[in-house]
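A quick write-up on the structure given underneath.
We name chains A, B, ... by the order of the sequence lines, and we start the count at 1 in each one.
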Protein chains: 4
Amino acid sequence: MAVLGATGYTGVELLRVLAQHPRVRVTVVTSQQFAGKPLSEVYPSLAGKCDLVLEELDVAKVASRSALAFAALPHKTSMEVVAALVEQGLRVVDLSADFRLHDPEVYRQWYSPHKAPRLLRQAVYGLTEIHRRSISRARLVANPGCYPTGAVLGLAPLFARRLVRGTVLIDAKSGVTGAGRSSAVELSFSEVNENFKAYSVGVHRHTPEIEQELSEIAKSTVSILFVPHLVPMSRGILSTMYVELKRRVSDTELALLYKTFYHNGPFVRILPYGVFPETKEVRGSNDCVVGLRYEPRAKRLIVITALDNLVKGAAGQAVQNMNLMYGWPEAEGLRGAALVP
Amino acid sequence: MAVLGATGYTGVELLRVLAQHPRVRVTVVTSQQFAGKPLSEVYPSLAGKCDLVLEELDVAKVASRSALAFAALPHKTSMEVVAALVEQGLRVVDLSADFRLHDPEVYRQWYSPHKAPRLLRQAVYGLTEIHRRSISRARLVANPGCYPTGAVLGLAPLFARRLVRGTVLIDAKSGVTGAGRSSAVELSFSEVNENFKAYSVGVHRHTPEIEQELSEIAKSTVSILFVPHLVPMSRGILSTMYVELKRRVSDTELALLYKTFYHNGPFVRILPYGVFPETKEVRGSNDCVVGLRYEPRAKRLIVITALDNLVKGAAGQAVQNMNLMYGWPEAEGLRGAALVP
Amino acid sequence: MAVLGATGYTGVELLRVLAQHPRVRVTVVTSQQFAGKPLSEVYPSLAGKCDLVLEELDVAKVASRSALAFAALPHKTSMEVVAALVEQGLRVVDLSADFRLHDPEVYRQWYSPHKAPRLLRQAVYGLTEIHRRSISRARLVANPGCYPTGAVLGLAPLFARRLVRGTVLIDAKSGVTGAGRSSAVELSFSEVNENFKAYSVGVHRHTPEIEQELSEIAKSTVSILFVPHLVPMSRGILSTMYVELKRRVSDTELALLYKTFYHNGPFVRILPYGVFPETKEVRGSNDCVVGLRYEPRAKRLIVITALDNLVKGAAGQAVQNMNLMYGWPEAEGLRGAALVP
Amino acid sequence: MAVLGATGYTGVELLRVLAQHPRVRVTVVTSQQFAGKPLSEVYPSLAGKCDLVLEELDVAKVASRSALAFAALPHKTSMEVVAALVEQGLRVVDLSADFRLHDPEVYRQWYSPHKAPRLLRQAVYGLTEIHRRSISRARLVANPGCYPTGAVLGLAPLFARRLVRGTVLIDAKSGVTGAGRSSAVELSFSEVNENFKAYSVGVHRHTPEIEQELSEIAKSTVSILFVPHLVPMSRGILSTMYVELKRRVSDTELALLYKTFYHNGPFVRILPYGVFPETKEVRGSNDCVVGLRYEPRAKRLIVITALDNLVKGAAGQAVQNMNLMYGWPEAEGLRGAALVP
């Protein structure tokens with residue numbers, strides 16, 4: 001396997017996860033900034049786990065030495081590299097946003113003009129629990145964003161049953177690694193620590209991704225209000241979602257609905273009614289945990305999901321998708337428990 | 001002045017704020033746990049600022065040596081102490097929940113039977129910006145909860161103009177000092193750090209307090225959905241509020257509405273339309289900062305407020321109220337800027 | 001295997017590590033406080049990884065259902081339980097301090113009178129890299145303290161070669177989980193966060209443990225000065241050690257000395273001369289990383305070691321010892337990379 | 001007064017402190033990056049406290065509108081600006097390193113060639129407690145580094161009495177704001193949080209500054225070993241210092257020595273023998289707190305000092321120096337208590 005963009009946070013997390021995978025050997029790691037250096041010099045934690053030297057990205061070389069590539073590259077860059085890799089016959093799991101939106105026009109609105117619109121049509125959206133079958137046959141999987149993973153997993157059963165009325169409010173809170181390995185002053189420790197804030201209120205780029213998936217599940221146009229916040233912690237996303245229901249649904253029906261919907265997946269865990277998850281219980285694991293409670297006075301169902309943005313929200317789900325693409329057990333290499341405390 | 005319960009977090013913050021107040025001398029500090037010890041032994045940061053010895057609470061002694069008492073005692077305990085103090089002719093700012101809810105029946109539902117229902121009727125709810133006049137004449141001020149301060153200040157102008165339709169959703173996030181000086185394992189560093197979670201979902205005791213105040217402002221029964229979360233930081237509350245409006249309100253009208261509503265107060269700051277506050281900009285200051293933005297697709301107004309739960313959410317507002325009770329400038333002793341970074 | 005005291009931080013970390021161990025099945029988990037509850041209710045992160053019900057500790061039952069017990073019990077309690085378990089023929093890895101000090105008189109001085117002094121003589125000190133052979137034959141392994149692990153591993157090669165003159169200064173810094181799952185107010189988030197302090201200066205109970213081991217290695221009485229500090233983070237110990245050498249040792253000789261000393265172990269990593277470790281690179285892994293640099297002006301060798309106090313400093317090393325006791329590969333189940341970032 | 005470099009962390013802290021100073025009005029604030037913007041747009045916490053517009057640095061303009069300038073500029077830049085300001089007749093407190101080292105050759109070794117060596121000779125080192133008299137007469141005060149302030153204040157009484165033998169070891173730990181407002185990836189939240197490390201081991205630029213001051217006090221050449229560490233917190237420095245004494249000094253003599261040495265200063269607080277400070281008790285205040293304990297086994301005196309690197313370690317001490325330069329009470333504007341918790 002190849003990991004392109006191996007020194008970003010998603011890249012290094014892929015390497016951590018893959019180092020525990022019994023069927024995989026990483027053969028190529030690329031990095032624009034650190035090409036030529038041993039990986040373990042940049043990330044000493046990988047010494048003895050992945051002792052490769054970082055290379056410049058060369059599509060032909062990657063293709064000659066690996067059957068599947070994880071592309072953990074910046075948006076726009078990814079598009080072209082992925083197209084070339086697919087052309088060379090590689091399977092690709094792309095962790096950028098470039099192949100997540102089916103409609104190139106929507107991509108253009110939120111990002112920039114798309115340069116590989118035909119390939120876009122072949123890409124499968126890699127939210128594993130929703131698209132298992134297509135993923136297992138895909139050549140190109142567009143791994144979901146971290147926020148969309150938590151939001152869609154928490155809402156899918158409701159939309160599948162067409163229980164939702166009106167606009168769903170998604171008040172999401174993320175740890176700082178969600179922004180990637182960054183030198184932005186706003187992400188420096190002295191700015192983030194002991195601080196809490198909303199950002200990209202109503203205009204975050206994960207909005208169309210969430211709407212696309214929920215609309216597909218609901219088989220009608222869904223619109224949401226998405227407000228992300230930055231939490232002074234490294235990993236974890238908690239999404240608090242407020243849903244108006246078309247009819248009153250009993251606690252037991254709710255629990256049954258969710259458990260049935262996710263019955264065949266190892267990673268989505270439904271908590272007992274009225275119990276809610278916290279991010280620490282999933283830190284470092286590939287789990288997504290769901291809590292539910294109906295508030296009769298406000299006539300709102302509260303759905304809260306927790307996941308690790310770098311695992312189920314990125315690298316873990318990418319490996320989960322790879323497992324499906326190869327016909328391996330879905331949880332292979334992903335069974336590690338969260339790091340608690 | 002006396003500070004009762006001086007070694008809790010609200011107590012020690014009162015002492016920090018009062019040490020900078022040019023017209024006040026603290027003469028009595030009480031503590032059940034540390035009576036007999038110098039205050040500066042328990043809180044070395046107060047050495048040289050408030051060199052008193054902690055005493056056991058003795059109402060007669062307090063009354064003989066101070067004209068106003070800040071009661072920073074636990075709920076239920078406060079009730080009886082405050083009643084005795086008022087009887088002795090003292091003015092009291094009570095920082096517990098005991099005199100915040102006008103209706104003893106509501107108090108009973110959320111806490112326990114009230115033991116001083118008559119006094120309850122005389123207490124003035126101390127949200128300074130809303131009740132200035134009554135506070136200036138009050139003998140007993142019930143200082144608001146930290147969450148209600150942020151929520152009501154953010155919503156009051158809308159309810160005063162009767163612009164709100166349906167249930168307001170208040171998704172609030174608080175630093176850990178909001179829980180007070182506590183030995184609960186759930187509040188230990190190893191549990192809270194690198195963790196984010198919701199708690200008391202839909203059942204938090206600040207709910208009736210918020211509803212009481214908004215209903216009074218709206219002159220009709222208001223019901224809200226309040227979901228608090230715990231942020232791994234020490235101080236600060238950010239409240240993200242989602243409001244459905246009866247009619248479309250332009251950006252300029254909104255800005256004008258809020259600025260007019262708070263024009264005569266030094267501590268509520270309205271940000272330019274579309275700009276939102278963060279908790280760090282108010283840490284240690286008595287400010288409450290408000291940001292606004294209307295989301296046309298979701299037809300929701302988003303109101304976000306930030307304050308320091310120990311200052312504007314507790315000790316600072318208590319001193320602000322004391323200033324009014326004595327006819328002093330409202331901002332006296334409260335002009336310190338936030339500690340940034 | 002049995003884990004006694006399964007809901008303390010060391011216990012839960014043992015379960016996390018053992019869940020990844022291919023040769024081990026945990027059959028008994030005990031907890032005084034939570035007996036009768038499913039483990040996953042207390043630690044949701046273990047749901048699906050270890051679905052046992054917590055039991056009260058009953059030595060006979062433990063003996064009937066497991067061949068080896070990890071005792072993660074408080075000091076003093078452990079002593080008696082371990083004695084009973086050994087009597088029943090079980091192998092035991094004890095993670096308390098009760099069997100670490102060979103001399104019952106020293107134990108009495110630093111803790112309290114020892115109740116099983118005969119068993120003390122049979123216990124093997126479980127610093128794996130130093131006592132491999134004895135551990136592999138031991139019935140009772142006394143797993144080292146977290147600080148002693150970092151200190152002794154960093155200094156052992158120097159003392160083995162008798163290079164040290166005078167008193168070694170060990171300035172150590174630990175994350176908060178080192179104090180265990182605790183309800184002490186001093187360990188609450190609001191006290192620890194944004195704070196740094198020394199504690200137990202010169203009187204910490206790990207002092208005699210470090211001196212015992214270094215003296216044994218040096219074959220002469222070694223005395224140290226040990227000053228621990230509390231870092232506002234969850235996991236990790238960094239020990240900065242200042243050593244006066246009897247003679248000047250070249251960089252190459254130093255590097256060679258350390259690499260040779262640890263050549264047959266998978267977990268002690270020697271960094272290139274002048275490069276120092278940080279705690280993040282070992283968080284969640286069983287590694288102990290060592291950095292070295294000689295300061296000619298001060299005539300001091302600086303040795304810095306980093307480890308995760310809950311892994312190499314507790315649960316990981318316990319499993320490493322178990323591997324030796326069973327003749328399994330030393331790194332079995334312990335190959336996971338650190339959680340970075 | 002003018003604050004040059006007003007949007008760095010030292011600059012904004014100067015503005016926070018000066019906003020509380022009863023005799024000072026800030027008239028000029030400069031910023032290269034944000035010139036033209038209102039200060040409160042960059043630092044909303046200063047809204048209402050300092051409502052100036054940021055300007056480009058123009059020496060003539062600064063000179064025409066202020067009598068004293070605080071220069072919070074980068075090293076090297078500061079040198080030239082300060083020279084020009086002094087030439088224009090302004091008093092200057094320079095918070096860079098440019099005028100701290102008396103010997104231009106030493107400056108060259110640790111930084112770069114000095115461009116104003118003559119002015120260097122006129123600069124007074126602004127460690128207030130040590131150089132009160134010269135500071136009160138100075139035109140140019142070189143405000144000390146944050147580490148040197150804590151180290152020298154903790155060691156000065158010992159060197160003044162010539163009690164020290166051999167090399168003093170200074171194991172210092174600093175919060176992240178010590179590195180200034182920075183976009184370095186190593187200082188991003190995701191890198192620093194949950195991490196602890198040493199840096200610049202033995203080669204930190206504050207070394208010659210500490211040695212210069214201690215040598216002057218000791219009236220002989222002093223050499224130290226200085227090892228700084230980075231703590232995952234925003235503010236605070238704790239310096240743990242290990243000192244070999246020429247003769248045994250009793251606890252009472254020690255206490256007396258320190259209390260006498262600092263008897264006429266409001267900000268250095270000596271704790272009871274054996275009690276040590278923590279950084280939280282000085283966060284936001286201008287205090288430097290000192291703890292002492294002699295370890296007979298190791299024959300070392302342990303001295304620990306705590307201060308806030310941005311206050312006593314930078315902006316607070318600068319204002320303290322300004323007070324002396326103007327003949328005002330030394331503590332004017334600096335009496336605020338630390339922000340606890």
Side-chain angles (χ1 to χ4, degrees), chain B residues 8-10 12-13 15-20 22 40-50 175-177 180-182 193-194 232-235 266-272 275-287 289 291 306 308 310-311 331 333 335-341, chain D residues 8-10 12-13 15-20 22 40-50 175-177 180-182 193-194 232-235 266-272 275-287 289 291 306 308 310-311 331 333 335-341:
Chain B
Y9 288 159
T10 306
V12 71
E13 184 70 357
L15 294 171
R16 182 184 75 86
V17 172
L18 291 170
Q20 293 174 277
S40 65
E41 200 176 289
V42 187
Y43 283 100
S45 62
L46 291 171
K49 325 286 177 190
C50 181
V176 184
T177 55
R181 196 166 172 276
S182 162
N193 181 43
E194 278 291 292
M233 64 181 184
S234 296
R235 289 172 177 241
F267 296 118
V268 180
R269 202 163 76 236
I270 313 302
L271 294 177
V275 176
F276 290 104
E278 41 194 270
T279 62
K280 188 169 268 186
E281 76 192 70
V282 296
R283 192 171 47 157
S285 89
N286 198 47
D287 293 339
V289 187
D308 183 324
L310 290 179
V311 192
R335 290 193 188 88
L339 196 70
V340 173
Chain D
Y9 288 159
T10 306
V12 72
E13 184 70 357
L15 294 171
R16 184 186 72 87
V17 171
L18 291 170
Q20 294 174 276
S40 63
E41 199 175 289
V42 187
Y43 284 99
S45 62
L46 290 171
K49 325 285 176 191
C50 182
V176 184
T177 55
R181 196 167 172 276
S182 161
N193 183 42
E194 279 290 292
M233 63 180 186
S234 297
R235 287 171 178 243
F267 295 119
V268 180
R269 202 162 76 236
I270 313 302
L271 294 178
V275 176
F276 290 104
E278 39 194 272
T279 63
K280 189 170 267 186
E281 75 192 70
V282 296
R283 192 173 46 158
S285 89
N286 198 48
D287 293 339
V289 188
D308 182 325
L310 290 179
V311 191
R335 291 192 187 88
L339 197 71
V340 172

- What part of L271(B) gets closer than 4.5 Å to chain D, counting heavy atoms only: side chain, backbone, both or neither? neither

- Item | Heavy-atom side-chain proximity of P341(D) to V12(B) below 4.5 angstrom | yes

- Message: With a 4.5 angstrom heavy-atom cut-off, is it the side chain or the backbone of L46(B) that approaches chain D, or both, or neither?
- Response: side chain

- Task: For residues R235(D) and V340(B), report the shortest heavy-atom separation together with the two atoms involved.
- Result: NH2-O, 3.6 Å

- Query: chain B heavy atoms under 4.5 Å from L15(D): which part of the residue, side chain, backbone, both or neither?
  - Reply: neither

- Using non-hydrogen atoms only, which part of V282(B) is less than 4.5 Å away from chain D: side chain, backbone, both, or neither? neither

- Measure across R269(B) and P44(D) and return the closest heavy-atom pair with its distance rounded to 0.1 Å. NH2-O, 3.0 Å

- Rounded to the nearest 0.5 Å, what separation is found between the CD atom of E278(B) and the OG atom of S45(D)? 9.5 Å

- May I ask you to name which of R283(D), E13(D), R16(D) has the most heavy-atom pairs under 4.5 Å with chain B? R16(D)

- S285(D) versus chain B, the contacting section by heavy-atom distance below 4.5 Å: neither

- Note on the structure: Ranking T177(B), N193(B), V17(B) by heavy-atom pairs under 4.5 Å to chain D gives rank one to N193(B)

- Task: Over all heavy atoms of both residues, which pair between G284(B) and L339(D) is shortest? Give the atoms and the distance, please.
- Result: CA-CD1, 3.8 Å

- Portion of R181(B) that has a non-hydrogen atom of chain D nearer than 4.5 angstrom: neither

- In terms of heavy-atom contacts, R335(D) and K49(B) come closest through O-NZ, 3.1 Å

- In terms of heavy-atom pairs under 4.5 Å, which option from P266(B), A19(B), A47(B) contacts chain D the most? A47(B)

- Message: Does any backbone or side-chain atom of E194(B) lie under 4.5 Å from a heavy atom of chain D? Answer side chain, backbone, both or neither.
- Response: side chain

